[in-house]
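Have a look at the structure below, then the notes.
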Amino acid sequence: MTNSIDNKLISLAKRYADALLQVAAGRGELDAVLSDLKLASSAYDSSDDLKKFMDHPAVSVNDKKAAVKEIFENKILVDSLNFLYVLVEKNKFSLIDTILYCYEEGMDVVRNILKVDVISAVEIDEDLKDALKVKLESKFQKSVKFEYKVNPEIIAGVILKIKDKTIDGSMAHKLECLEKQLA
């Protein structure tokens with residue numbers, strides 16, 4: 001994933017991502033546009049020269065558009081290329097990582113997918129993963145996409161992060177609560 005998501009700019013990036021998502025969905029190109037955004041984000045993130053060039057206020061919009069054309073023409077969809085031109089014209093190319101993040105979030109909404117972060121003390125076995133998937137898909141009536149992380153500091157149990165909710169079933173949390181009750 002990209003490395004420079006700016007939470008303060010999510011609402012702005014979401015507007016760009018939603019507009020692009022609407023066009024891509026209408027043309028049946030959701031995955032292709034996602035791939036294009038990933039390519040643009042990767043190019044921007046991996047090249048300090050490109051980043052400096054695109055972010056420099058003294059470089060003209062026409063020079064930036066020419067660079068975008070040279071780098072991406074015939075490698076991405078025309079709509080994606082035009083989108084990059086809009087970012088250049090609006091001086092928002094630096095939002096590419098945050099736009100990519102918002103676009104992926106939007107794709108999940110369109111496809112009725114719920115992202116769930118699962119943090120456990122040890123690696124979770126496949127049977128438990130399957131049971132958790134069945135339970136959450138039934139409860140939320142959505143496909144569930146998991147991201148698993150291991151954090152030994154939680155001692156035992158799991159922490160689920162679903163949208164803006166956290167369900168903390170970790171032993172560390174239970175011990176913390178017990179300590180507060182005893183204090």
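Basis for what follows: all heavy atoms, side chains included, without hydrogens, waters or symmetry-related copies. Computed from a predicted model, the values in this text were never measured in an experiment.
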Minimal heavy-atom distance between A121 and V150, with the atoms involved, is O-CG1, 3.3 Å

So, D79 side chain and L20 main chain: donor-acceptor pair closer than 3.5 Å or not?
no

Heavy-atom side-chain contact between L84 and K65 under 4.5 Å:
no

Quick one: do the D168 and S170 side chains pair a donor with an acceptor below 3.5 Å?
yes

Keeping S46 on the side-chain end and S42 on the backbone end, is there a donor-acceptor pair under 3.5 Å?
yes

So, does D36 use its side chain to make a donor-acceptor pair with the main chain of L77 at under 3.5 Å?
yes

Please check this pair: side chain of Y103 against backbone of L30, looking for a donor-acceptor N/O pair closer than 3.5 Å.
yes

Do Y101 and I10 have side chains that approach each other closer than 4.5 Å (heavy atoms only, starting at C-beta)?
yes

Are F140 and I159 grouped together when hydrophobic residues (ILVMFWY) are joined by side-chain heavy atoms under 4.5 angstrom apart?
no

Determine whether L81 and V78 make a side-chain contact, defined as any pair of heavy atoms from C-beta on separated by less than 4.5 Å.
no

Which distance, rounded to the nearest 0.5 Å, do you find between the CD1 of I99 and the CG of D18?
11.0 Å

Got more than 12 heavy atoms from elsewhere within 6.0 Å of CD, E89?
yes

Which value, rounded to the nearest 0.5 Å, describes the distance between S80 atom OG and L39 atom CG?
9.5 Å

Is there a donor-acceptor pair under 3.5 Å between the side chain of K163 and the backbone N or O of L114?
no

Contact between M54 and Y44 at the side-chain level, heavy atoms closer than 4.5 Å - yes or no?
yes

Any chance CZ of R111 has more than 12 other-residue heavy atoms, nucleotides or ligands included, within less than 6.0 Å?
yes

Straight-line distance of L100 CG to L95 CG, nearest 0.5 Å
12.0 Å

Is there a continuous path of hydrophobic side-chain contacts, each under 4.5 Å between heavy atoms, that joins L160 to I154?
no

Group every Ile, Leu, Val, Met, Phe, Trp and Tyr by side-chain heavy-atom contacts under 4.5 Å, then state whether V144 and V109 land in the same group.
no

Distance check, rounded to the nearest 0.5 Å: I113 atom CD1 versus M107 atom CE?
7.5 Å

To the nearest 0.5 Å, what is the distance between NZ on K38 and CG on D31?
9.0 Å

Rounded to the nearest 0.5 Å, what's the gap from CG on D130 to CD1 on I124? Could you check?
11.5 Å

Do the non-hydrogen side-chain atoms of E104 and L37 ever get within less than 4.5 Å of each other?
no

Would F93 end up clustered with F53 when hydrophobic side chains under 4.5 Å apart are linked, directly or stepwise?
yes

Hey, quick one: are L21 and Y85 part of the same hydrophobic cluster, counting side-chain heavy atoms closer than 4.5 Å, chains of contacts allowed?
yes

Heavy-atom pair with the smallest gap, counting every atom of A172 and E153
CB-O, 3.7 Å

Which is it for M171 and L175 under the side-chain contact (heavy atoms from CB on, under 4.5 Å) test, yes or no, and what are the steps along the way?
CA-CA 6 Å; M171 183 58 71; L175 289 172; 4.1 Å; yes

Heavy atoms of other groups near K142 NZ, more than 12 under 6.0 Å
yes

Stacked cation flag K129 on Y148, 6.0 angstrom / 45 deg:
yes

Is the number of heavy atoms from other residues, nucleotides or ligands under 6.0 Å of E73 CD greater than 12?
yes

If we check side-chain hydrogen bond (donor to acceptor under 3.5 Å, both in side chains) with E137, which of these qualifies: K135, K133, Q141?
K133

Indicate yes or no: does K115 engage E105 in a salt bridge with an N to O separation below 4.0 Å.
yes

